[in-house]
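Values below: all heavy atoms of this structure, side chains included; hydrogens, waters and symmetry mates excluded.
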Amino acid sequence: MNGDRIALVNMCCGNQPIYVCEKAVSNANAVTHEINSLSNNENVALCFHRQLLSLYTLSQNANVSAVDNNPALHPLWVRCDMSDPAGTTWFGAETVCVSNKVSGIKLYSVTCKGSSVDKRALITLDELKQEHKKRHHPSSMVIKGSARFSLFGSTVVENTIIESQSNVTVDFKWCHVESILETPPLSSTATLNIKVASGDMRSPMFEMYRELEFLLFQTLADGLRTGETEWIEPVESVSAVNLTKAYLEELQSTAKTLQDQAPKTAETTKLKSETETPIFNSLLERGDLDFVEQLWVRMRKSVTSYQDIGDCLKLVIEALRYGDIKPWIHRDSSSSLSKLILQSYHQQMDHVSLTGLTPVHMLLEMGLDKMRKDYINYLIGEELTTLNHLCYFLSTDVDLQEQVIRLRKLHHLLEIIVTCSAFLGLPYDRLFLLTQSCLQHYKTNPYDEEHEFKLQIKPALISHFYQKEHPAVWEVEVSSGHGPREVRTSLQLSDRPLVDHVIFETDYPNETVNADSEDPAFFSTMVSCSLVNFA
């Protein structure tokens with residue numbers, strides 16, 4: 001290696017890394033005895049890295065600096081390539097301040113080992129404590145453990161990982177660690193990290209997602225916004241117009257049969273329609289779909305053009321205008337078609353011109369109305385919230401595009417709740433708390449499937465998920481001292497590297513075997529800290 005090597009120094013001055021030429025510091029006069037001892041060529045890079053840390057340290061030491069009141073620098077982190085015997089991947093330094101004055105420096109080293117299934121190669125807890133004692137000579141030490149387990153997410157089929165955008169993990173923290181890789185005790189604190197993506201085929205919400213997909217992305221909402229529509233393959237083999245005609249004829253036939261029992265007509269029609277027209281078998285399936293909702297179900301499964309929508313709505317409006325049908329609707333329905341139905345009861349219907357985007361606008365309203373009721377039915381039925389807390393999501397006072405955004409938020413909320421209920425079996429009190437957290441978040445934040453929701457739980461609630469599983473990350477930390485003079489030595493074992501700038505050797509030819517192995521492979525990362533006092 002020549003003297004022109006460029007070393008990347010992650011110095012936290014803004015977010016931009018600083019590139020330092022090795023020649024610029026090769027003649028530095030102030031270097032430590034440790035650096036002077038590194039004379040062989042294999043350690044030129046390591047020597048340079050330590051020179052940087054020495055310069056950083058000396059610049060902050062008022063005893064040797066020309067300026068007595070140097071401002072405290074941001075932390076300095078220097079990447080290493082693991083070429084030294086210890087396998088160093090990072091060196092770091094940060095200032096220690098007392099009464100707004102720099103009183104010392106903490107120096108860090110991060111060393112790593114490639115993955116191995118041989119537990120005998122891992123450092124023991126006693127060895128870790130001895131390592132801390134050698135550096136700091138403490139009178140007492142505190143030992144803490146932490147671990148992360150994956151509860152729901154990607155799955156492995158025949159040694160191949162099937163990736164999932166949904167991921168639920170749990171973080172444990174506990175004291176009094178007794179051995180490396182011990183299972184978190186039931187006295188641990190546990191926090192769920194919940195990130196759920198809509199559209200997972202394993203979810204009980206998948207059919208609802210397909211309905212939302214029709215409403216949002218591929219057809220209605222985007223069509224109104226852009227003027228262009230990508231029609232999806234219809235679920236029904238019968239055309240939308242023929243389905244609508246059959247539905248109207250069914251209503252007319254029922255009305256004639258029950259002419260003398262007018263008060264019961266609507267209810268009988270409703271029940272018959274539900275029996276003869278299967279609605280998707282979903283967690284949120286309702287038994288009280290009104291005429292407009294039944295029409296929406298048929299149309300969203302069969303329309304393939306703007307012409308289809310216009311023709312179907314024309315058939316319905318003509319049947320209403322001529323009094324051929326008198327369908328029932330929910331009292332709180334807010335769509336344009338629902339208002340026309342109410343007017344038809346009094347033979348005073350407004351004229352509707354089914355031109356341009358008006359039919360799409362009307363169908364979008366029908367879908368919004370129906371899906372909002374689906375979500376309300378579940379949330380209120382499960383006693384997870386009240387109508388007052390849902391006002392933001394149910395408001396029709398905003399424009400249609402904003403209503404679509406809020407409906408999408410509500411759907412994502414239910415994806416989260418249903419995932420935690422169906423797959424984790426969380427009890428009511430945890431689901432209630434999670435619901436409130438999600439509602440509060442989405443009232444003030446944009447839609448974001450990458451957001452990770454947190455939920456405190458008792459380990460006993462999920463003990464059957466993790467006690468016989470391998471952790472994704474397991475850590476033990478030995479610490480001593482207090483406040484700014486606290487020092488720590490930690491060991492992290494993980495199923496994947498925690499450092500991304502080095503290529504690690506592994507016991508396995510690929511990264512997918514770990515899931516099926518009785519003896520998991522772990523990458524080892526050790527962080528050591530030294531405290532240098534200036535006083």
Side-chain angles (χ1 to χ4, degrees), residues 144-155 163-175 177 183-200 202-205 209 375 378-379 382-386 389-390 392-393 405-406 408-467 469-477 488 490 492-496 498:
K144 297 179 181 179
S146 63
R148 169 171 287 195
F149 288 79
S150 178
L151 303 181
F152 178 81
S154 301
T155 57
E163 294 291 344
S164 170
Q165 299 303 311
S166 297
N167 188 30
V168 181
T169 61
V170 58
D171 288 337
F172 294 98
K173 293 182 180 179
W174 70 98
C175 298
V177 179
T183 301
L186 294 179
S187 58
S188 307
T189 61
T191 304
L192 288 180
N193 311 296
I194 305 162
K195 187 177 76 170
V196 175
S198 298
D200 193 320
R202 296 170 295 176
S203 172
M205 291 285 293
Y209 171 76
Y375 300 152
Y378 180 82
L379 291 170
E382 296 295 319
E383 299 183 350
L384 294 173
T385 189
T386 63
H389 288 95
L390 292 172
Y392 166 83
F393 301 94
I405 291 170
R406 295 184 185 187
R408 193 180 179 196
K409 289 180 178 181
L410 201 57
H411 178 91
H412 188 223
L413 181 153
L414 262 79
E415 290 268 16
I416 293 167
I417 301 303
V418 170
T419 295
C420 290
S421 173
F423 294 108
L424 302 184
L426 295 188
Y428 168 77
D429 66 315
R430 296 296 89 190
L431 294 175
F432 180 85
L433 191 62
L434 180 58
T435 303
Q436 304 314 307
S437 173
C438 294
L439 288 172
Q440 194 60 39
H441 172 81
Y442 267 144
K443 284 179 182 178
T444 54
N445 291 280
Y447 181 85
D448 181 14
E449 290 189 355
E450 293 300 312
H451 181 76
E452 198 171 66
F453 290 91
K454 306 285 185 180
L455 181 67
Q456 297 287 324
I457 61 167
K458 295 179 180 179
L461 293 176
I462 55 169
S463 59
H464 55 291
F465 282 102
Y466 74 87
Q467 286 188 340
E469 297 296 324
H470 305 302
V473 181
W474 191 96
E475 179 181 7
V476 60
E477 178 187 274
R488 303 171 183 173
S490 67
Q492 284 187 320
L493 303 174
S494 55
D495 62 2
R496 60 189 61 193
L498 299 182

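No more than 12 heavy-atom neighbours from other residues, nucleotides or ligands sit within 6.0 angstrom of NZ on Lys173. Annotation: Lys458, atom NZ; neighbour count of heavy atoms from other residues, nucleotides and ligands within 6.0 Å does not exceed 12.
Between the CG atom of Leu431 and the CD atom of Gln436 there is a distance of 11.5 Å, given to the nearest 0.5 Å. Annotation: the span from Ser146 atom OG to Glu475 atom CD amounts to 4.0 Å, rounded to 0.5 Å. Note that OG1 of Thr385 is 7.0 Å distant from CG of Leu379, once rounded to the nearest 0.5 Å. One finds the CG atom of Leu192 at 5.5 Å from the CD1 atom of Ile462 (value rounded to the nearest 0.5 Å). The CG atom of Asp200 sits 9.5 Å away from the CD atom of Gln165 when rounded to the nearest 0.5 Å. For the atom pair OG of Ser166 and CZ of Phe152, the computed distance is 5.5 Å after rounding to the nearest 0.5 Å.
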Q) Please walk me through it: do Val170 and Asn193 pass side chain to side chain contact (heavy atoms under 4.5 Å, CB included)? A) CA-CA 6 Å; Val170 58; Asn193 311 296; 5.9 Å; no
Quiz prompt | Evaluation steps, side chain to side chain contact (heavy atoms under 4.5 Å, CB included), between Val476 and Lys144 | solution = CA-CA 6 Å; Val476 60; Lys144 297 179 181 179; over 6 Å; no
Can you check side chain to side chain contact (heavy atoms under 4.5 Å, CB included) on Leu151 and Thr169, steps first, answer last?
CA-CA 5 Å; Leu151 303 181; Thr169 61; over 6 Å; no
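Defined by atom type and a distance below 3.5 Å, a donor-acceptor pair is present between the side-chain atoms of Thr191 and Gln456.
Using a 4.5 Å heavy-atom threshold, the side chains of Ile194 and Glu452 count as separate. The shortest distance between side-chain heavy atoms of Glu382 and Phe432 does not fall below 4.5 Å.
With sequence neighbours excluded, the residues satisfying ring-ring contact (aromatic ring centres under 6.0 Å, His included) with His441 are His451, Phe453.
Nearest heavy-atom pair across Trp174 and Ala147 is CZ3-N, 3.7 Å. Minimum interatomic distance between Gln440 and Thr444 (heavy atoms only, all atoms of both residues): O-OG1, 3.6 Å. Between Tyr466 and Pro184, the shortest heavy-atom distance links the atoms OH-O, 3.6 Å.
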N/O donor-acceptor pairs under 3.5 Å from side chains in residues 410-427, not counting sequence neighbours:
{"unit_1": "His411", "atom_1": "ND1", "unit_2": "Tyr375", "atom_2": "OH", "d": "2.7"}
{"unit_1": "His411", "atom_1": "NE2", "unit_2": "Glu415", "atom_2": "OE2", "d": "2.9"}
{"unit_1": "His412", "atom_1": "ND1", "unit_2": "Tyr442", "atom_2": "OH", "d": "2.8"}
{"unit_1": "His412", "atom_1": "NE2", "unit_2": "Val196", "atom_2": "O", "d": "2.6"}
{"unit_1": "Glu415", "atom_1": "OE1", "unit_2": "Ser203", "atom_2": "OG", "d": "3.2"}
{"unit_1": "Thr419", "atom_1": "OG1", "unit_2": "Glu415", "atom_2": "O", "d": "2.7"}

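Between the side chain of Tyr428 and the backbone N or O of Leu384, no donor-acceptor pair lies under 3.5 Å. Formation of a donor-acceptor pair under 3.5 Å by the Arg406 side chain with backbone atoms of Tyr392 is found in this model.
In this structure, Lys195 does not pair ionically with Glu449, as no charged nitrogen and carboxylate oxygen lie closer than 4.0 Å.
Arg148 forms no cation-pi arrangement with Phe172, by the criterion of a distance under 6.0 Å to the ring centre and an angle within 45° of the ring axis. Stacking of Arg408 on the aromatic ring of Tyr447 is recorded, both the 6.0 Å distance cut-off and the 45° axial limit being met.
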